[in-house]
Amino acid sequence: MQQDYKPKNIEVVVQQYWKEKLAFRAEDQSEKPKYYCLSMFPYPPASCTGHVRNYTIGDVLSRYHRMKGFNVMQPMGWDAFGLPAENAALANNVPPAAWTYSNIDVMRTQLQSLGLGVDWSREVTTCKPDYYRWEQWLFTRLFQKGLIYKKTSSVNWDPVDHTVLANEQVIDGRGWRSGALVEKRDIPMYFMRITQYAEELLADLDQLEGWPEQVKTMQRNWIGKSYGVRFAFPYQLDGKQDKLWVYTTRADTIMGVTFVAVAAEHPLATRAAQGNPALTAFIDECKHGGVAEADIATMEKKGMDTGLKVTHPLTGEQVPVWIGNYVLMGYGEGAVMAVPAHDERDFGFAKKYGLPIKQVITKGRDDGFGDGSGYGGGTASGARSEDGSGTDSGGIDTPFTIVRWQEWYGSKVVGVCINSGKYDGLGYTSAVDSIAADLAVKGLGEKKVQFRLRDWGISRQRYWGCPIPIIHCAHCGDVPVPDEQLPVVLPENVTITGAGSPLAKMPEFYETTCPQCGGAAKRETDTMDTFVESSWYYARYTSPGCTTGMVDERAQYWLPVDQYVGGIEHAILHLLYARFFNKLMRDEGLFGETTFTSVSQKKKSKRGGQNPLMNRLPTCSRKVW
RNA sequence: GCCGGGAUGGCGGAAUUGGUAGACGCGCCGGACUCAAAAUCCGGUGCUGGAGACAGUGUGAGGGUUCGAGUCCCUCUCCCGGCACCA
C-alpha cells in the first residue's frame with residue numbers, strides 16, 4: 001500500500017471508470033425514487049476555487065442519496081452570457097464568444113478533475129442557440145399575451161462613451177471608463193409583468209417549507225405588499241381641472257400634509273419649469289447621477305418649490321408642490337404627500353427648507369411635542385432646534401423634543417389623531433377607514449393594495465446576450481419573430497468597442513422584413529437580461545436534447561428540484577425570477593402546478609423537508625462568482 | 001438610507017426550550033517512539049494571577065429582564081449579502 005495519496009495516479013483511473021460505466025447517468029424512468037440535486041450553475045469566467053466548496057456540498061448530498069437508493073440527477077451547465085465577456089473583449093481584443101467557450105473548456109476540465117458525480121450528458125450552455133431559442137420562443141408567447149410590454153425607463157447614460165452603463169459600472173456617479181458624470185436617460189425597454197403574479201409569488205412562500213426563513217422574509221419584504229390609500233390633490237392649471245395622485249400607507253396622517261413632493265420628471269414639474277430657469281436647472285441637476293436605488297437613497301435630499309399649489313382633498317387648503325430629488329417617477333405615482341411631523345424623511349426635508357411641521361398624531365402628554373397645556377401642540381412650525389431638545393422659534397412657543405418624538409412618530413399602533421378635526425381621537429385603523437371613506441365620497445381616493453415589487457425590465461443595450469425576438473415595422477409596429485424564424489441567432493464574430501452595441505452597427509443583423517406585411521423592417525438589437533437564462537435552466541436540465549420546446553414530459557418527472565445549493569446573494573432576484581418563470585411555464589402548459597410547490601411527496605427528515613421546489617439552501621454565503 | 005444575516009479561544013467552529021461556555025477539529029506546548037526528523041501515540045491548552053489547590057474574569061460595546069443570559073428585550077459599533085443593468 002502506498003503511503004502517500006497520489007491523486008494523479010488514482011483519481012484519473014477512477015474517473016475514467018466512472019465515465020465508461022456512465023456511473024452518474026440519471027435515468028429518466030426508474031423504479032427508484034428520484035432526487036434532483038441542483039447546484040447553481042457557474043458563470044464560466046470565474047475562477048474555479050470558489051466553486052469547490054459549493055459543488056462539494058451538492059456532491060456529498062448526491063452521493064449520499066445515490067447510496068440510499070435514489071435515482072439521482074446532479075447536472076451541470078454554464079451561465080454563459082453576461083457583461084464580463086464584453087469587458088474581457090475590450091481588454092484582450094478577443095470576441096466574447098471565443099473567450100467564453102475557452103473559459104468553459106477550462107472550467108469543465110477543472111470541475112471534472114474534482115470527480116463530482118455529475119451527469120454531463122445534461123450539460124446546458126446558455127449562450128448557444130439550442131438553449132436561448134426557447135427563451136425567445138417564450139418571449140414571443142408572453143408578448144402576445146401582454147405579459148411582456150414596452151415602456152420607457154431610466155438607465156445610466158455615459159455622455160462620453162455614448163453608452164448605457166450597468167450600475168456596477170457607475171463609480172461615484174461617474175462612468176468607469178470615461179470618468180464622465182453619469183446621467184439618467186429614459187429609453188424604451190421591454191418589461192415582464194411579474195407584478196401580475198405578485199400575489200401568487202407572495203402566497204407561495206408559505207408553502208416553501210424547506211426554504212430558510214431568512215430567504216422567505218427577504219422575498220416577502222421585496223414583494224412588499226402594502227395596504228394604503230391612493231388619493232388625489234385636485235388643482236387648476238392653464239384653465240383645466242386636474243388631479244395629482246399619491247399613495248400612502250399613512251392616510252391617518254393626511255391632515256398633517258404640509259406639502260407634496262413630485263419627481264423631477266413628473267408632468268407638474270415639467271410644466272412648472274416652463275419659463276423658470278432656476279427650476280429647469282434644478283430638474284437638470286436631478287438627472288445627474290445613476291439610477292441605483294442605494295445611491296439615490298443615500299444622496300443628499302434636495303428640493304425646490306415649483307410655485308404651484310394643489311388643493312388638500314379634505315381641508316381644501318392650498319398645499320405647495322415641491323420637486324424632490326428623492327422622489328422617483330418610476331415608483332408608484334411619481335409623487336408623495338409629505339407629513340413632516342410623522343415621517344423622518346419629510347421631517348428632514350421640511351427642516352432643511354423651513355416648511356411647516358404639523359403634528360396630527362399623539363401618543364399622549366409625553367409625546368415630545370408638548371406645549372405645556374395639554375397635549376396636542378398645534379403647529380410645531382419651527383422644529384429647527386439643532387440639538388433636538390430646544391424650543392423652536394417659529395412663532396408659537398412649542399417645545400419639540402425629537403428624542404421623545406422619534407420613539408413613536410412612525411408607529412401605527414401608538415397614538416391617536418389630533419389637530420385633525422372630525423378624526424381626532426381615532427386610532428390608525430379607524431382613522432384610515434374614516435378618511436378613505438370621506439375621500440371616496442368626494443371621488444378623490446380609495447383604499448388600495450400596492451406592491452413594492454416592480455415589473456422586470458429585461459432589455460439590455462448589450463451585445464453578449466440573448467437577442468430579443470422582435471421586429472420593428474413602420475406599419476405593423478412591434479411584431480414578434482414567428483416560430484419558424486427562431487432562433488434569432490447572435491452573431492459571434494464581432495468587435496467590441498465599448499460604445500454602444502455592435503448589433504446596432506450590423507445591417508446584416510438588423511435589416512429584415514416584417515413577418516406580417518413583408519415590408520422592410522428593423523430587428524430589435526437589444527438583448528435580454530442574463531437573469532432570464534438563469535430563470536429556467538433548472539427546468540432545461542430535465543430535458544437534454546429536447547428540440548420540440550423548452551422542456552418535454554421529462555420535466556414532470558424530475559421537477560421539483562429536491563435540493564438546491566446556492567449562495568445567499570441570490571436570495572431575492574434570481575430565486576424570485578425562477579419562481580416567476582415556473583409560473584409562466586406552467587401557464588404555457590409545459591408542466592403542472594406542482595413543479596415548484598409540490599406537497600405530494602412525503603416528508604423525510606426534518607433536514608430534507610421534501611415539499612418545496614428547491615427545498616433547502618445550504619447557504620454558502622461567500623459571493624464566489 | 002432601506003431589507004436580511006453575523007460577531008464565541010491563536011484559527012475553523014459547538015452549545016435542544018434561558019441551566020457547567022468553548023464539543024469536535026486545526027494549531028501550539030510537553031512527553032513517548034527515533035541516532036535524528038517526519039509520521040504516529042499519550043497528555044495539556046480561553047484569558048489573568050498562582051508552584052499548586054484554586055481564585056478572578058470571559059461569548060462585539062453599553063444597558064435591561066431573570067435565581068440564572070452566548071441564548072430574551074432595548075440602544076450602539078463593526079462586518080457580510082441584497083437594493084431591481086455584476087452574476
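Just so it is clear: chains get the letters A, B, ... in the order the sequence lines come, proteins before strands, and each one is counted from 1.
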Mark yes when over 12 heavy atoms from residues, nucleotides or ligands other than A/Y149 sit less than 6.0 Å from its OH; otherwise mark no.
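Check passes, neighbour count above 12.
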
Using a strict cut-off of less than 4.0 Å between a Lys/Arg side-chain nitrogen and an Asp/Glu carboxylate oxygen, indicate whether A/E86 and A/R462 qualify as a salt bridge.
no

Salt-bridge test for A/K150 and A/D478: reply yes if a basic N is under 4.0 Å from a carboxylate O, no otherwise.
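Yes, this pair counts.
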
Name the residue closer to the 5' end of RNA chain B, choosing between A/N221 and A/M189 according to the nucleotide with the nearest heavy atom.
A/N221

Starting at the 5' end of RNA chain B, which residue's closest nucleotide do you reach first, A/G457 or A/E213?
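Checking each residue's closest nucleotide, the 5'-ward one belongs to A/E213.
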
Return the pairing partner of [N] with a 3.5 Å limit on both distances, Watson-Crick or G-U wobble; otherwise return none.
| N | value |
| --- | --- |
| B/U66 | none |
| B/C78 | B/G6 |
| B/U45 | B/G27 |

Given atom CG of A/D529 and atom P of B/C86, what is their separation to the nearest angstrom?
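A/D529 atom CG is separated from B/C86 atom P by 9 Å.
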
Atom pair distance, as rounded to whole Å: CD1 in A/I572 and C1' in B/G5
12 Å

When you compare [N] with [M], how far apart are their [atom1] atoms, in angstrom units rounded to a whole number?
| N | M | atom1 | result |
| --- | --- | --- | --- |
| B/C28 | B/A39 | P | 10 Å |
| B/G63 | B/G58 | P | 12 Å |
| B/U8 | B/U57 | C1' | 15 Å |

Looking only at side-chain N and O atoms, does [X] come under 4.0 Å of OP1 or OP2 in [N]?
| X | N | result |
| --- | --- | --- |
| A/R454 | B/A84 | no |
| A/N167 | B/C83 | no |
| A/T530 | B/A87 | yes |

So which of A/W456, A/Y197, A/Y537 actually passes ring pair (Phe, Tyr, Trp, His ring centres under 6.0 Å) with A/Y577?
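Among A/W456, A/Y197, A/Y537, the one that satisfies the ring pair (Phe, Tyr, Trp, His ring centres under 6.0 Å) with A/Y577 is A/W456.
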
